[in-house]
Amino acid sequence: MRPPVILPPLSSLSRCLKIGLWSDTQTQMDMTVLTKWTIRPRLMSIAGVANVAVWGEKEPQLQVVVDPDRLRANNVTLDSILQTVRDATAVGAGGFVDTANQRLALRHVPAVYTPEQLGEIVIGFRTASAAKVAVANTPPSPGTPLRIKDVAEVTYDYAPPIGDAIINSRPGLLLIVEKQPWANTLDVTKNVEKAMAELKPAMGEVEYDTTVFRPATFIERALSNLSHSMLLGCVLVVIVLLLFLFDWRCAVISATAIPLSLLAAVMVLYYRGGTVNTMVLAGLVIALGEVVDDAIIDVENIMRRLRLNSQFEKPRSAFTVVFDASMEVRSSVVYATVIVVLAFLPVFFLTGLAGAFFRPLAAAYILAILASLLVALTVTPAMSLLLLPKSAERHSSDGPLVRMLRRIYRSVLGLALRLKWGTLAVTAVMFVTLIATIPQLGEQLMPKFRETDFLMHWVEKPGIGIDAMDRITLRASDELMAVDGVRNFGSHIGRATVADEVVGPNFTELWISIDDNKDYDSTVAEVQTIVDGYPRLYRDLLTYLTERIKEVLTGTSASIVVRLYGPDLEQLRSTAVEIESVIKPIEGVTTLRVEPQVLVPQIAIDLNVDAASQFGLTPGMLVQSVTTLVNGMQVGEMYRDQAIFPVVVRGAEYLRTDLRTLGDLMIDTPSGAQVPLRSVASVTIVPAPNVIQREGASRRLDVTCNVAGRDLASVATDIENAVLTRVDFKTGYHPEFLGEYAEAKASRQRLFLLSLGSILAITIILYIDFESWRVVLLILFALPLALASGLLGVFAGGGIISLGSLVGFVTVLGIAARNAIMLISHYRHLATEDPDLTGRALIIRGAEERLAPILMTALTTGLALVPLIVTGELPGQEIEYPMALVILYGLVGATLVNLLVLPVLYSCGVSKNSAI
């Protein structure tokens, strides 16, 4: 038994580095000393490091191995051995001595530094009769000292291991560096790697590899990929501005909103204690095209008004024109931005795993949008007043691209208005068709992350030994290292002394890193083939993020978990087997298994109280004797240099070979005599559960599986239906369905409910702005039409709805509402400015004048996402890719709705008076 250890705070993603150590000349025991007293203390001193768990330790001990027969032959009790060794290795204060001039500290120099020195410690003195029995040669004279080495073997060996490690097909040590929850993974990783490089001279012939598992690599690639996408998106946005505005000054003014808005968002996040991670960058990328929208609307309107003003016989002052033009769109810009924020706000209030992923994205997006509003209200009018008046005089008309688009749009819109009922009918048919495809969509929580660090759970039947798992792991290591593209291999078997995993020797994790220069899919497929070649083992192949997501959701590494609750273990096992049988035929189910809560052999020592009392034995005395001889007992410590080595008394190896030997174990009695263990206790082999899991004051057992070949939602639904309809649950037993699908379902429902709240708030904002329920209902009617087009983006991404896709729909909702508000607001402005402008003329002119800003805002938002879509599911873009597809297709639909359907609806449902 070892004392419990309190671990520092850890999170589900605390593992930030795995370091493999091996050597051709040094043993694992030598490497353990180096690691425990040199490497680990140095790494633990690094800011942010919470723990360094070491697998494969062979902890050196000074062992006194006793043989009960030799003790009995020399009339020596086990207690006397324990006490002698304890006294010999005790460390005590020496005090001090005062002389006439100074005080001198008194130190007791330890008598034991080596096994030989401990063996020379005297236990007592042998009598002549005892000497004759103990030695066949000429007996020593009475009073001969009896030393520890005379009755026991004193050796320098390691403690029985509770785990092991294999590094690149050889035994070694695996150091798992765990960070504190608030620590930055990149900073901790770089500091640990720097410390390991500094320790290189102290390692001698010990080699190390810090890339066995390095999540910082994925983070660095993700940040690099998202940064490149952002830069390319910025370039495309500027090109759109130049083509539409056809004036470098207008483009500069509008583009200024990009750096100002993004930097403002980053600064707020930084001062709130946040960091720039992949989800923050994703939020900024999505907002990239939208942060220029307010500036575009303002600049376009100012430029148009300045051009009109330059054509008057008595032009007004530039200040007055710029001020009036800004105020003309000020209300609609503010309301539109508020609506965009309200539409995205539900993402910020997601909880659980979904909230942990998307809350940083939502925070970055909302902050950038609010910053862009502030820029549009202050910086944009000021720059326009400085740069645009003279430019408006030289360029009295729109650019050639805008003029061409206006001509085309005027004809198309005129046709749509003439055939307005046909336009609405076609729109309705397309809307119904898209909505009808929803049941065909699959569903999953998160996409597959394209990490290059993989782990495989390697689980044998409970009760297997460490040596057997070592053999299996070495074979797997040889096969995996032979794969072209696999860079290194590391595994940890069983437990480590100070670690957060409490498992048996049957549990192993294999870790490999693949070369990012090799083909990702083919390398992973080859590795999967090797993993599948071990059918008797439970095994899987997962990336670290995928495994952590599953572990957080259910405590297992499976995608779907049927957790069975009930009072009796035997009935739980029986029902779990029945659940397994109904799940097995379902298409798409892989790696199906029942949690191995099984009966394993266990040696039970049951004290016979009556027999023990005749010899004066108590239960505590019996437990101490058996524990010492079988498991060993630490009685002291040996100090050498800066290292501390336990001193342990244990029984000889043959005492642990079989049940008969254990029954013959001689137990010391208070009288000094010895009695066999079987005389005072029954020693039997009994079946016992290898583990009992409890949750909510109830025993529970898991049936788990993963999914391949079908979408997660379909398989999970089939499993739930099969279990509930075909399994007979006894009274007191019930299932609970957990995993990714359950989390996705809960997150979807929460997002839906929060979105309803946002829509209600948007409705109130619209009414405050327009003061007309007919106009509000018109805009709200147009929004579902825009959202439906986002379904095409889901199909383009494989027909699977993930949380990223749902966030994309939320984004489309805000953008569609913004452009609808801008169009209807302009209709209202024109009706007020020119009362003679009515009906068809009002609709065509208003839509034509809003064409350029609507197209620019849609194109800047869409093109900012194009790099994400073109580059695909690169590391760091797995979540953003389906989101970008939904937003892009949704933007296309929203733009068509705003430019064609909304004017037709306006002409049908809103009169001139109500518009005003």
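The figures here come from the full heavy-atom set of this structure, side chains too, leaving out hydrogens, waters and symmetry mates. Residues take their numbers from the sequence shown, with the count starting at 1.
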Under 3.5 Å: donor-acceptor pair, side chain of [X], backbone of [Y]:
X: S23; Y: E205; result: yes
X: Q28; Y: G172; result: yes
X: S45; Y: R42; result: yes

May I ask you to check whether [X] and [Y] show a side-chain donor-acceptor distance below 3.5 Å?
X: D470; Y: T473; value: no
X: D610; Y: Q614; value: no
X: E57; Y: T497; value: yes
X: N51; Y: R40; value: yes
X: T211; Y: N488; value: yes

One thing to verify: whether K18 and E178 come together as a salt bridge, which I'm taking to mean a side-chain N less than 4.0 angstrom from a carboxylate O. no
Carboxylate-amine/guanidinium contact D478 R475, below 4.0 Å: no
Under 3.5 Å, sequence neighbours excluded: what are the donor-acceptor pairs made by side chains of residues 455-469?
from, atom 1, to, atom 2, distance (Å)
H457, ND1, D540, OD1, 3.1
H457, ND1, D540, OD2, 3.2
H457, ND1, S557, OG, 3.4
H457, NE2, E547, OE2, 3.3

Where at least one partner belongs to residues 24-80, residue pairs that pass ring pair (Phe, Tyr, Trp, His ring centres under 6.0 Å), sequence neighbours excluded: W55-H492
Salt bridge (charged side-chain N to carboxylate O under 4.0 Å, His left out) between D30 and K58, intermediate numbers included: CA-CA 8 Å; D30 296 330; K58 299 291 189 291; over 6 Å; no
Applying side chain to side chain donor-acceptor pair (under 3.5 Å) to R593 and not counting sequence neighbours gives none
